[in-house]
Protein chains: 2
Amino acid sequence: MLSITSVVKGQINPERPLKAWATNAPRPADERTAVNTRADPLGGGGAATRGKAATIYDVAQAAGVSHQTVSRFLRGFEGIRPETRERVVQALEDLGYRPNLTARSLKSGRSHRIGALTHEISLVGPSRIVEGASIAAREAGYVLDIVSLDSSNPRAIEDSLALITQHDLAGVLALAVTDEMTRAFAATAFRVPAYVAAESEGVPADPRGILSRVGLPMLVAHLAELGHRRFVHIAGPSMWSAARNRVRDYEAALHSRGLQSVGILHGDWSAASGYRAISELAQVPDATAFLAANDQMALGAMLALKERGFRIPADVSVVGVDDIAEAAFFDPPLTTLRNDFEGQGRAAVFQLLARIGNTEVAPMSVPAPLLVIRRSSGPAPQR
Amino acid sequence: MLSITSVVKGQINPERPLKAWATNAPRPADERTAVNTRADPLGGGGAATRGKAATIYDVAQAAGVSHQTVSRFLRGFEGIRPETRERVVQALEDLGYRPNLTARSLKSGRSHRIGALTHEISLVGPSRIVEGASIAAREAGYVLDIVSLDSSNPRAIEDSLALITQHDLAGVLALAVTDEMTRAFAATAFRVPAYVAAESEGVPADPRGILSRVGLPMLVAHLAELGHRRFVHIAGPSMWSAARNRVRDYEAALHSRGLQSVGILHGDWSAASGYRAISELAQVPDATAFLAANDQMALGAMLALKERGFRIPADVSVVGVDDIAEAAFFDPPLTTLRNDFEGQGRAAVFQLLARIGNTEVAPMSVPAPLLVIRRSSGPAPQR
DNA sequence: ACAACCGATGTTATCGACAACATCCTAGAT
DNA sequence: ATCTAGGATGTTGTCGATAACATCGGTTGT
């Protein structure tokens with residue numbers, strides 16, 4: 001258990017003035033480069049930093065202009081005389097001005113926060129999605145307000161939505177979605193754009209957009225080419241649309257090749273559930289290929305199969321989905337489908353920003369799924 | 001790749017009025033229970049919900065009182081005549097009022113957001129810490145503004161800190177900390193309480209507070225009792241204080257038993273680095289026990305050792321730290337030390353809240369580390 | 001040469017909530 | 001019956017920023 005070391009931050013003098021006022025404003029080109037140049041030996045900034053935060057009024061007074069002129073400068077307005085501009089810049093730096101985003105968004109009605117509701121962020125998938133989203137948001141000048149649902153608390157969704165609707169956000173995102181969350185989301189009246197990032201279940205405009213639609217056939221093809229004919233799927237929890245999609249696309253892929261599914265087992269994404277799915281069976285299905293809906297369940301399933309005396313891949317092949325970082329070091333290393341979680345998070349943020357009206361975001365290109373062949377899959381045994 | 005399904009939220013009538021206005025205010029006792037009672041058949045609220053959000057002025061007008069009376073009610077002021085109170089409650093519900101937290105914090109100078117700066121949230125540890133923090137924050141009525149550092153971007157820390165300092169936050173947290181981050185954090189002048197949640201390196205008041213201080217001796221004792229005498233440590237990146245602590249406590253634990261470390265290898269927390277640490281060695285050290293600083297590196301090391309012909313645990317024992325969910329399903333299942341990541345996150349939030357002045361938080365009890373013995377450790381081979 | 005005009009800047013109102021102070025009304029004291 | 005204390009409520013100012021409008025000095029057109 002880590003202990004918590006506190007760093008009490010008084011108004012310590014900022015060694016490196018952050019020049020945060022320049023962050024979101026269209027700034028003169030030469031500003032960008034010179035962040036570390038001001039080596040102020042404890043003077044100047046000290047006085048200003050000590051008390052309360054400087055406002056545009058303070059800056060205005062220091063520069064001998066009106067607060068509005070300061071505001072104009074900050075917002076990138078062009079028509080300011082060079083000498084005036086000079087004085088404002090100077091005052092800004094001297095006082096170490098930082099915009100008060102609260103006041104800004106109160107007046108402008110715009111905020112730079114995105115609410116992100118997510119399930120089980122401690123799972124690998126969701127956490128990577130959140131990371132991608134967080135980084136994309138930061139790059140666009142937003143921060144992500146993360147509300148992670150505690151699945152042990154039945155009222156969590158309600159509470160979280162109540163929390164989210166109060167804060168004023170630029171938009172709301174649902175990441176890593178279960179049906180429950182989708183429903184609660186749809187029933188809530190947000191006053192801002194809201195998006196649910198989920199594997200769509202209908203017929204999507206761009207089928208590349210669904211990992212399982214394109215990826216599962218690749219997995220099945222790989223196994224079929226190795227001679228496998230009898231398959232078992234270890235599915236995720238059916239309240240996750242991602243889990244349902246994988247079941248559907250698994251069956252479709254088999255069907256289109258005239259192969260058969262020997263059975264579908266159910267897990268909850270965890271390695272433990274993959275292990276139980278196999279080990280609790282009275283008898284292991286007569287299949288040669290096991291396709292788990294994610295790598296963790298594949299890991300658990302592999303252990304259970306080995307304990308039952310199956311050799312992998314000599315007797316049975318096991319494949320997963322996601323290509324988590326550890327999959328290459330399972331024993332045997334796992335054949336799987338690479339899933340670009342970070343990309344999903346980015347894409348979700350970009351989609352939301354586009355709807356928010358931020359036109360500067362580039363449309364996301366959807367990376368194609370990638371089949372990663374390792375040693376957990378091999379030729380089907382001859383009977 | 002998931003596709004993103006948008007749910008365009010207009011001002012749909014809220015099926016279940018969230019009564020969010022009651023969330024943070026000391027409310028009359030009977031309010032708590034009656035959330036779903038108002039079955040308003042599309043009347044009343046409709047008009048108000050359609051346009052912009054209702055303000056206390058709108059509510060005041062609807063109730064025929066002054067906005068201040070509404071404000072008083074919301075803040076739990078007692079001296080309001082029952083009939084007036086009644087009208088206010090009615091108007092509040094009819095309009096589906098939600099407080100504008102932006103305006104509130106502008107005036108009150110207080111916010112209910114906590115900024116959390118974290119590294120590599122996609123690692124298992126950090127993501128679980130963040131989850132614990134997020135849940136604890138939500139329970140206390142705060143949300144976590146997560147800023148995840150993109151390690152590929154050298155200016156990420158600066159950018160992130162600039163971003164954080166602008167937003168108005170109740171406090172700032174650094175989770176899963178590297179030295180770089182600690183330094184940048186210390187050099188920044190926040191205007192609010194800031195805490196760095198890290199394994200402390202000095203002599204802590206409560207030694208139970210450090211996982212490795214208590215836990216590594218347990219691991220070493222376990223292995224020593226099995227007859228192991230020659231140990232190798234696979235360390236984390238040295239810029240993480242957690243990694244340094246583990247090295248230090250590993251050495252101390254060996255020393256106190258008169259045992260010797262045959263070597264310290266270095267990884268980066270990933271399974272790949274654990275694999276490389278062993279596989280790239282010209283010759284595997286003559287040791288019987290390998291102690292990795294986390295489970296992922298243990299996984300990689302196990303694979304490399306097996307590939308080099310070592311049997312686990314017959315020839316060598318391998319143990320990890322953290323007890324991630326998958327560790328029980330490695331082959332062999334990994335002996336490790338349970339690490340309460342979520343608890344760390346909670347603790348960090350509680351500590352911060354305490355400093356913020358929120359007196360309602362209970363002090364955290366620090367769970368003792370737990371040795372989890374599985375099959376990757378066994379009796380040392382007889383030479 | 002006078003007015004319309006324009007760029008640069010200042011003044012005032014505004015966002016939504018909270019807070020200080022002002023006011024009104026009623027009940028108890030004299 | 002009049003005064004007063006005090007509870008209940010209304011009015012105005014404030015937080016820090018943005019927006020609309022006003023103003024000032026100097027051009028430019030005719």
Side-chain angles (χ1 to χ4, degrees), chain A residues 20-21 23-26 48 51-88 91-92 95-112 165-168 191, chain B residues 20-21 23-26 48 51-88 91-92 95-112 165-168 191:
Chain A
W21 49 266
T23 301
N24 279 323
K52 308 207 62 135
T55 73
I56 55 170
Y57 292 90
D58 302 327
V59 174
Q61 186 168 15
V65 299
S66 82
H67 67 102
Q68 188 56 248
T69 300
V70 177
S71 175
R72 287 196 185 95
F73 172 81
L74 292 173
R75 311 204 48 254
F77 179 69
E78 297 292 328
I80 300 179
R81 260 186 311 181
E83 59 184 77
T84 308
R85 175 183 297 267
E86 184 89 11
R87 296 214 308 280
V88 172
L92 242 17
L95 299 180
Y97 172 79
R98 311 266 176 78
N100 178 326
L101 293 197
T102 301
R104 178 176 293 175
S105 50
L106 173 58
K107 175 57 183 173
S108 65
R110 254 173 274 121
S111 100
H112 280 87
T165 50
Q166 290 181 63
H167 288 250
D168 97 327
R191 292 192 284 261
Chain B
W21 47 267
T23 302
N24 279 324
K52 308 206 61 134
T55 72
I56 55 169
Y57 291 89
D58 302 327
V59 174
Q61 185 170 15
V65 299
S66 82
H67 66 101
Q68 188 55 247
T69 301
V70 177
S71 176
R72 287 194 185 96
F73 172 81
L74 292 174
R75 312 204 50 254
F77 180 70
E78 297 291 327
I80 299 179
R81 260 185 312 182
E83 59 184 74
T84 308
R85 175 184 298 269
E86 183 89 12
R87 296 214 309 279
V88 173
L92 241 17
L95 298 180
Y97 172 80
R98 313 266 176 77
N100 179 327
L101 294 196
T102 302
R104 178 175 293 175
S105 52
L106 172 59
K107 174 59 183 176
S108 65
R110 254 174 275 120
S111 99
H112 280 88
T165 51
Q166 291 181 59
H167 288 248
D168 98 325
R191 293 192 283 262

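Chain identifiers are assigned alphabetically (A, B, ...) following the order of the sequence lines, protein sequences preceding nucleic acid strands; residue numbering begins at 1 within each chain.
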- May I have the distance from A/F73 (atom CZ) to D/dA17 (atom P), rounded to whole angstrom? 15 Å

- Item | Distance (rounded to the nearest 0.5 Å) between B/T55 OG1 and B/Q61 CD | 9.0 Å

- Task: Nearest whole angstrom, please: distance from the C1' of C/dG16 to the OH of B/Y97.
- Result: 8 Å

- Message: side-chain contact (heavy atoms from CB on, under 4.5 Å), that's the test. Do B/I80 and B/V88 meet it? Break it down for me.
- Response: CA-CA 10 Å; B/I80 299 179; B/V88 173; 5.8 Å; no

- Compare the minimum distances between each of D/dA19, C/dG16, C/dT9 and the side chain of A/K107, then state the nucleotide with the smallest one. D/dA19

- Message: Between B/R104 and C/dC18, is there a contact of a side-chain N or O with OP1 or OP2 at under 4.0 Å?
- Response: yes

- Roughly, in whole Å, what's the span from CZ in A/F77 to P in C/dT9? 9 Å

- Find the distance between CG (A/L74) and CG (A/L92) and round it off to the nearest 0.5 Å. 5.5 Å

- Query: Reckon A/T102 touches a base, only the sugar-phosphate, or nothing at all at heavy-atom distances under 4.0 Å?
  - Reply: nothing

- Query: How long is the span from the NZ atom in A/K107 to the OG atom in A/S71, to the nearest 0.5 Å?
  - Reply: 11.0 Å

- Query: Of the residues in residues 61-71 of chain B, which ones touch DNA chain C at a heavy-atom distance under 4.0 Å?
  - Reply: B/H67, B/Q68, B/S71

- Task: Indicate whether OP1 or OP2 belonging to C/dA19 is found under 4.0 Å from a side-chain N or O atom of B/R72.
- Result: no

- Please report, rounded to the nearest Å, how far the P atom of C/dT9 is from the CD atom of A/E78. 13 Å

- Query: Looking at CD of A/E78 and CZ of A/R85, how far apart are the two atoms once the value is rounded to the nearest 0.5 Å?
  - Reply: 6.5 Å

- A/R87 (side chain) donor-acceptor with A/A63 (main chain) under 3.5 angstrom: yes

- Measure from CG on B/L92 to P on C/dG16 and round the result to the nearest Å. 16 Å

- Could you check how far CD1 of A/I56 sits from P of D/dT18, rounded to whole Å? 6 Å

- Task: Assign each of A/R81 and A/Y57 to its nearest nucleotide of DNA chain C by heavy atoms, then name whichever residue's nucleotide is nearer the 5' end.
- Result: A/R81

- Measure the distance from CD on A/E83 to C1' on C/dT9 and round it to the nearest whole Å. 12 Å

- Rounded to the nearest 0.5 Å, how far does OG1 of A/T69 lie from NE2 of A/H67? 8.5 Å

- Note on the structure: When rounded to whole Å, the NE2 to P distance for the pair B/H112 and C/dA17 reads 15 Å

